[in-house]
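Here's the structure we're looking at; comments come further down.
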Protein chains: 2
Amino acid sequence: MSSALVGPQTAKRASAKRAAKESRPARSVPEATVARLPVYLHALTALADTGVRTVSSGDLARAAGVKPAQLRKDLSHLGSYGTRGVGYDVVNLAAQIGLRVGDSQPWPVIIVGLGNLGRALANYAGFRSRGFPVVALVDAAPEVVGGRIEGLPITSIDDLDATVAATGATIAVIATPAEAAQRVCDQLVAAGITSILNFAATVLTVPSWVRVRKVDVGQEMQILAYHEQRKGPAGLPGAPAVAHFAEGES
Amino acid sequence: MSSALVGPQTAKRASAKRAAKESRPARSVPEATVARLPVYLHALTALADTGVRTVSSGDLARAAGVKPAQLRKDLSHLGSYGTRGVGYDVVNLAAQIGLRVGDSQPWPVIIVGLGNLGRALANYAGFRSRGFPVVALVDAAPEVVGGRIEGLPITSIDDLDATVAATGATIAVIATPAEAAQRVCDQLVAAGITSILNFAATVLTVPSWVRVRKVDVGQEMQILAYHEQRKGPAGLPGAPAVAHFAEGES
DNA sequence: GCTTGTGAATCTGTTCACAGCA
DNA sequence: TGCTGTGAACAGATTCACAAGC
């Protein structure tokens with residue numbers, strides 16, 4: 001589990017700045033930027049579909065819901081794909097971002113857990129269309145195994161190793177109940193999965209080479225509720241509160 | 001659109017540091033902390049269920065997947081609910097966080113869009129159990145309206161104003177196709193909704209007093225794919241890669 | 001003219017390290 | 001002796017503002 005084997009950020013402290021300065025052509029895009037690339041790509045695709053050829057940082061930023069300066073800074077981490085005085089070539093920029101985001105190849109995905117959510121995900125068309133074909137459906141319940149969804153058979157969790165090997169998947173989606181999530185996660189990791197999208201309401205413990213992203217609807221709701229809470233007691237809706245400057249919506 | 005009336009963090013720009021120093025007892029919890037409160041609450045609830053009475057920042061941090069210092073800093077924004085040399089009282093701390101997260105009252109929720117995802121969400125039990133009863137299901141398609149899910153009737157989007165007024169909901173979930181999302185969003189806002197959880201793959205434009213959180217499965221996948229991309233070409237799995245500095249997984 | 005790309009300034013969040021207290 | 005709570009140091013991300021270039 002959290003046994004040593006770490007060694008990560010070991011010599012990071014001391015070396016840092018000076019060492020990284022030369023020899024490297026500026027690798028690594030900031031994580032915050034990576035998280036926005038899909039948004040930019042989506043906006044660019046929409047623009048391309050409507051026949052727009054070039055777009056300015058201002059326009060693209062508006063479509064993506066960010067500020068122009070942020071967009072330019074983000075894109076600058078990828079390279080210089082714009083033309084001063086003109087803007088960005090929509091198709092070319094989309095291609096460049098697509099490259100980074102792995103659009104050039106399909107990423108086969110395994111879905112584990114076929115309750116309500118798992119089934120909805122298995123039927124979700126946007127999955128395949130975005131380059132993530134669902135190649136296997138896995139569950140533990142004997143009465144579920146053997147069924148089919150969208151023509152794809154549901155296989156047993158006991159055959160996970162074979163399933164992963166056969167499909168070549170490296171990404172998995174966990175849509176099981178919270179109690180089963182960690183166990184399933186361990187099995188996925190053992191089978192060679194290195195990226196996991198976790199819909200279960202649990203914190204997963206994984207080795208350092210495995211990346212997990214969590215989607216927790218309940219938590220999102222609670223974050224919204226936190227802010228609703230603030231509003232309620234303060235001022236009545238409709239009644240103009242005191243000062244306030246409009247926010248530019250992030 | 002960006003008219004205005006919030007009231008909170010009002011004169012922030014100009015005043016800043018100097019002014020904020022005195023008179024204010026440190027209001028407002030950082031957004032990053034707010035996003036973690038639900039995780040802490042979940043971990044505490046689990047601990048309480050197993051009968052644990054007190055917990056140290058180290059143990060709770062491990063359960064929540066953060067560092068102890070981070071947990072203490074986060075909790076310090078809420079007040080001093082721990083006991084030096086001992087730890088935190090599980091039940092009391094859970095109560096305090098629950099208070100902030102709005103656990104004390106139910107937050108009725110409306111779900112708009114009853115395709116695969118909407119139906120899965122409507123059936124999602126964890127919704128109600130976390131204090132977010134689904135009080136209305138809304139769709140636009142005539143052939144869907146009139147049906148029932150979990151005993152709840154599906155009403156027409158045309159009756160939205162009445163539905164919101166009747167239920168008193170302030171939070172809504174958008175699970176429509178992307179094309180319909182902005183239109184639905186506008187209608188929700190007009191009806192009085194002030195918090196939205198958006199599952200559609202679009203950036204929503206809303207007035208400043210409305211809060212939106214987005215859940216986009218496709219985007220999450222692309223973020224995972226971005227990192228998979230880095231790994232792939234570099235070294236074979238199993239074969240120790242060259243240099244390579246391990247990242248410290250957050 | 002116009003818009004990009006980027007250093008510098010700022011803001012936000014995280015981590016350290018230790019004083020304060022049971 | 002612990003473990004919390006927190007100032008101070010650090011790191012990361014955002015925003016500003018302007019030089020560079022079409």
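Note on naming: letters A, B, ... go to the chains in the order of the sequence lines (proteins, then strands), and numbering restarts at 1 for each one. The structure presented is a predicted model; accordingly, all values stated were derived computationally and were not measured.
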Side-chain donor/acceptor of A:Gln229 to backbone N/O of B:Leu99, under 3.5 Å: yes

Assess whether a salt bridge exists between A:Asp74 and A:Lys67, defined as any Lys/Arg side-chain N lying under 4.0 Å from an Asp/Glu carboxylate O. no

Assign each of A:Asp74 and B:Leu75 to its nearest nucleotide of DNA chain D by heavy atoms, then name whichever residue's nucleotide is nearer the 5' end. B:Leu75

Of all the choices, D:dT15, D:dG5, C:dG5, which nucleotide is nearest to the side chain of A:Arg84 once you look at every atom? C:dG5

In whole angstrom, what separates B:Asp59's CG from D:dC3's C1'? 11 Å

Given C:dG5, C:dT14, D:dG5, identify the nucleotide with an atom nearest to the side chain of B:Tyr88. D:dG5

Would you mind telling me which of C:dT15, D:dC3, C:dG13 lies closest to the side-chain atoms of B:Glu31? C:dG13

Please report the distance, rounded to the nearest Å, between CD in B:Gln70 and P in D:dG5. 15 Å

Between C:dG13, D:dA13, C:dG7, which one does the side chain of B:Ala32 approach most closely? C:dG13

On the ring face of A:Tyr226, is A:Arg230 found with NZ or CZ under 6.0 Å from the centre and within 45° of the axis? yes

Pair A:Asp186 + A:Arg183, salt bridge at N-O below 4.0 Å: no

Just how far, in rounded Å, is P of C:dT14 from NZ of B:Lys67? 11 Å

Any B:Ser57 side-chain nitrogen or oxygen under 4.0 Å from OP1 or OP2 of D:dT4: yes

Test: A:Arg36 cationic atom under 6.0 Å from A:Tyr40 six-membered ring centre, within 45° of axis: no

Quick one: B:Leu60 CG to D:dC3 P, roughly how many Å, whole number? 14 Å

Please determine, for the side chain of B:Arg72, which listed nucleotide (D:dT6, C:dT4, D:dT15) has the closest atom? D:dT6

Return the value, rounded to whole Å, for the distance between atom NZ of A:Lys73 and atom P of D:dC16. 13 Å

Spacing between A:His77 atom NE2 and C:dG7 atom P, to the nearest angstrom: 11 Å

Would you say A:Ser56 reaches C:dT3's phosphate, i.e. side-chain N/O to OP1/OP2 under 4.0 Å? no

How many whole angstroms separate atom CZ of A:Arg53 from atom P of C:dT3? 19 Å

Report the distance from atom CZ of B:Arg36 to atom P of C:dT15, rounded to the nearest whole Å. 9 Å

